[in-house]
Amino acid sequence: MNQVTILAAAAGSSPSPLAPNPWEMGVVLISFAVLFYIVWKFVVPMFEKTFAERTEAIEGGIAKAEKAQAEATAALEEYKQQLVDARTEANRIREEARSEGAQILADLKEKAAAEAARITEQAHVQIEAERQAAVVSLRSEVGSLATTLASRIVGESLNDDARSARVVDRFLADLEGNAAQSAGASN
Amino acid sequence: MIALALPAQDGGGFTPPGIEDLHLPAILPWGAADGFSKQMLLVILSAVLLAAFFLAAARRGAMVPGKLQFVGEMAYGFVRNSIGKDIIGGRDFMKYVPLLFSLFFFILVNNIYGAIPLLQLPTFSHVGGAYVLAAIVYLTWIGIGVKKHGLRYFKLATVPSGVPWYILPIVVPIEIISNFLVRPVTHSLRLFATMLAGHLIVMLAGSGIEFLVTQENVLLKGASLLVLAGAIAMYMLEALIMVLQAYVFTLLTAIYIEGALHADAH
């Protein structure tokens, strides 16, 4: 009995489930059409625009970062290069200064040596000249002295020892006097 | 079936819900047909809700999306990429994304109605809506095929290449029937039948529980708990099928469009 009820309900007097209600079809069609229009005209373009902008922003950001990185690397290279250059330059200058200093020192030494040699030479020449003059004046003085002494000695009696001794003493005294006189005169 | 068979011994008379119970009385009756039904109200509501939600989600277009925009973009991206891009292919899928997107969410919301208490009426448990959508898709893919390949499209779609000539008399009619006659029917009935069956099962469980609880016999009252447990399991399964059918309908649409676009390569 119940089975019959079930069958009756399923197969029943109601219209076939495959028969559509045209009004419902119309409502679905219009609703879907409106929704589709809104999605097609507004929703999809807006989402796509956002996606495109986001992609661009991310890619632009990456490109910018890469550029900055490259610039930083280049700057670093440049600084390193400059540092190396500066070091080389400093070494060169130091080396130059050292060699220049050595050069100056050598020059000065040479000059000093030359000057010393010159002075020594001059001194030698002067000494020689003075010696020559001394020799000349001595020679003449000794000659005249000898002559004077001889004439004194000859002028007195040559055989009197006492006398000759007196002569010599007198001569020496004269000589001393002369020397004092000449010294006073020279003074 | 035990739950159904038991009442027979009492002679209480259990009348299971039928197709008629799917057709609720009209909210606003008018002369022709059944008047303005709950079904129609829900359909209109779905379009309004979807349009409002996605317009609100898409409008700001911020680089860093907020919650609403994020959810909208996830939903849009799912249809756009997993259905449109993956099936139709990289170059010309964008043209068909609006259709796929509208279809998926229109069907999804109208199915989910069946799982929401009080609303509890999947639109496509009435066959009309399913016919309409399947017809739109049918005309769309035939239109795409003709536009792309001209009238030669019908030859491409029905005469497979690489088949010996003596088999063609068998193959061509099969292809015509399967592609141009059966395809739209199965496309619409698949959606309709799953929704109808799911809704019937939930209704049946509901009325069964009601019937059992009102019985004198304590054991029968207790048996309602078993039915309740079964009903909850079926409800979960239904919810899954509602989402799945929306996906299947949209996926098939994408496959049909792809087939029409690349009819010469098949």
Side-chain angles (χ1 to χ4, degrees), chain A residues 1-70, chain B residues 4-5 7-8 11 13-20 22-23 32-37 39-40 43-44 46-48 50-51 54-55 57-63 65 69 72-73 76-77 80 94 97-99 101-103 105-106 110 123 125-133 136 189 192 196:
Chain A
M1 182 60 208
N2 276 288
Q3 294 298 319
V4 175
T5 321
I6 293 168
L7 286 177
S13 54
S14 61
S16 159
L18 293 181
N21 175 343
W23 293 99
E24 270 177 23
M25 290 176 79
V27 169
V28 169
L29 181 63
I30 292 168
S31 301
F32 182 74
V34 169
L35 177 64
F36 174 73
Y37 181 79
I38 290 170
V39 165
W40 177 50
K41 274 288 171 205
F42 305 106
V43 175
V44 168
M46 283 195 286
F47 274 133
E48 287 301 322
K49 187 163 157 278
T50 309
F51 286 0
E53 279 171 3
R54 193 170 297 150
T55 308
E56 197 176 313
I58 290 168
E59 278 175 356
I62 288 171
K64 208 185 279 175
E66 274 173 355
K67 198 168 157 244
Q69 180 81 32
Chain B
L4 286 180
F14 172 67
T15 313
I19 301 295
E20 282 165 73
L22 287 171
H23 294 266
D34 301 332
F36 189 79
S37 63
Q39 208 103 357
M40 298 182 187
V43 169
I44 293 169
S46 73
V48 172
L50 283 170
F54 283 111
L55 282 176
R59 199 184 51 226
R60 282 204 37 218
M63 286 299 103
Q69 193 188 338
E73 281 178 5
Y76 175 71
R80 178 189 189 270
M94 264 321 293
V97 166
L99 179 68
F101 180 71
S102 313
L103 273 178
F105 283 100
F106 188 70
N110 277 299
T123 307
S125 65
H126 287 194
V127 79
Y131 284 161
V132 169
L133 295 187
I136 290 172
L189 290 191
F192 155 70
L196 173 72

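Below, chains carry the letters A, B, ... as their sequence lines are ordered, and counting in each starts from 1. As a basis for the values below, the full set of heavy atoms in this structure was taken, side chains included, without hydrogen atoms, waters or symmetry mates.
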As a test of understanding, state which of Val39(A), Ile38(A), Leu35(A) forms a side chain to side chain contact (heavy atoms under 4.5 Å, CB included) with Pro98(B).
Val39(A)

With a 4.5 angstrom heavy-atom cut-off, is it the side chain or the backbone of Val43(A) that approaches chain B, or both, or neither?
both

Heavy-atom distance under 4.5 Å to chain A: side chain of Phe101(B), backbone, both or neither?
side chain

Among Leu103(B), Leu50(B), Ile136(B), single out the residue with the greatest number of heavy-atom pairs under 4.5 Å to chain A.
Leu103(B)

Looking only at Ala58(B), Pro65(B), Ala47(B), the option with the highest number of non-hydrogen pairs under 4.5 Å against chain A is Ala58(B)

Check for a donor-acceptor pair, side chain of Ser31(A) on one end and backbone N or O of Val28(A) on the other, with a separation under 3.5 Å.
no

Kindly indicate whether the side chain of Asn21(A), heavy atoms from C-beta on, has any atom under 4.5 Å from the side chain of His126(B).
no

Beyond-backbone contact of Val132(B) with Phe32(A), side-chain heavy atoms, under 4.5 angstrom:
no

Side chain of Gln69(B), backbone of Ala62(B): donor and acceptor closer than 3.5 Å?
yes

Cut-off 4.5 Å, heavy atoms of chain A, and the answer for Arg80(B) is side chain

I'd like to know whether Leu18(A) forms a side-chain contact (heavy atoms from CB on, under 4.5 Å) with Tyr131(B), so could you lay out the CA-CA distance, the side-chain angles of the two residues, the decisive distance to 0.1 Å, and finally the verdict.
CA-CA 10 Å; Leu18(A) 293 181; Tyr131(B) 284 161; 3.9 Å; yes

Within residues 55-63 of chain A, residues adjacent to chain B where the heavy-atom gap is under 4.5 Å
Ala57(A)

Within the distance-only criterion (no hydrogens, no angle test), does the side chain of Tyr76(B) pair as donor or acceptor with the backbone N or O of Glu48(A) below 3.5 angstrom?
no

Part of Phe192(B) within contact of chain A (heavy atom distance under 4.5 Å)
side chain

Are any of the side-chain heavy atoms of Trp40(A) and Leu99(B) separated by less than 4.5 Å?
no

According to the interplanar angle, ranging from 0 to 90°, do the rings of Phe42(A) and Tyr37(A) count as parallel (below 30°), tilted (30 to 60°) or perpendicular (above 60°)?
perpendicular

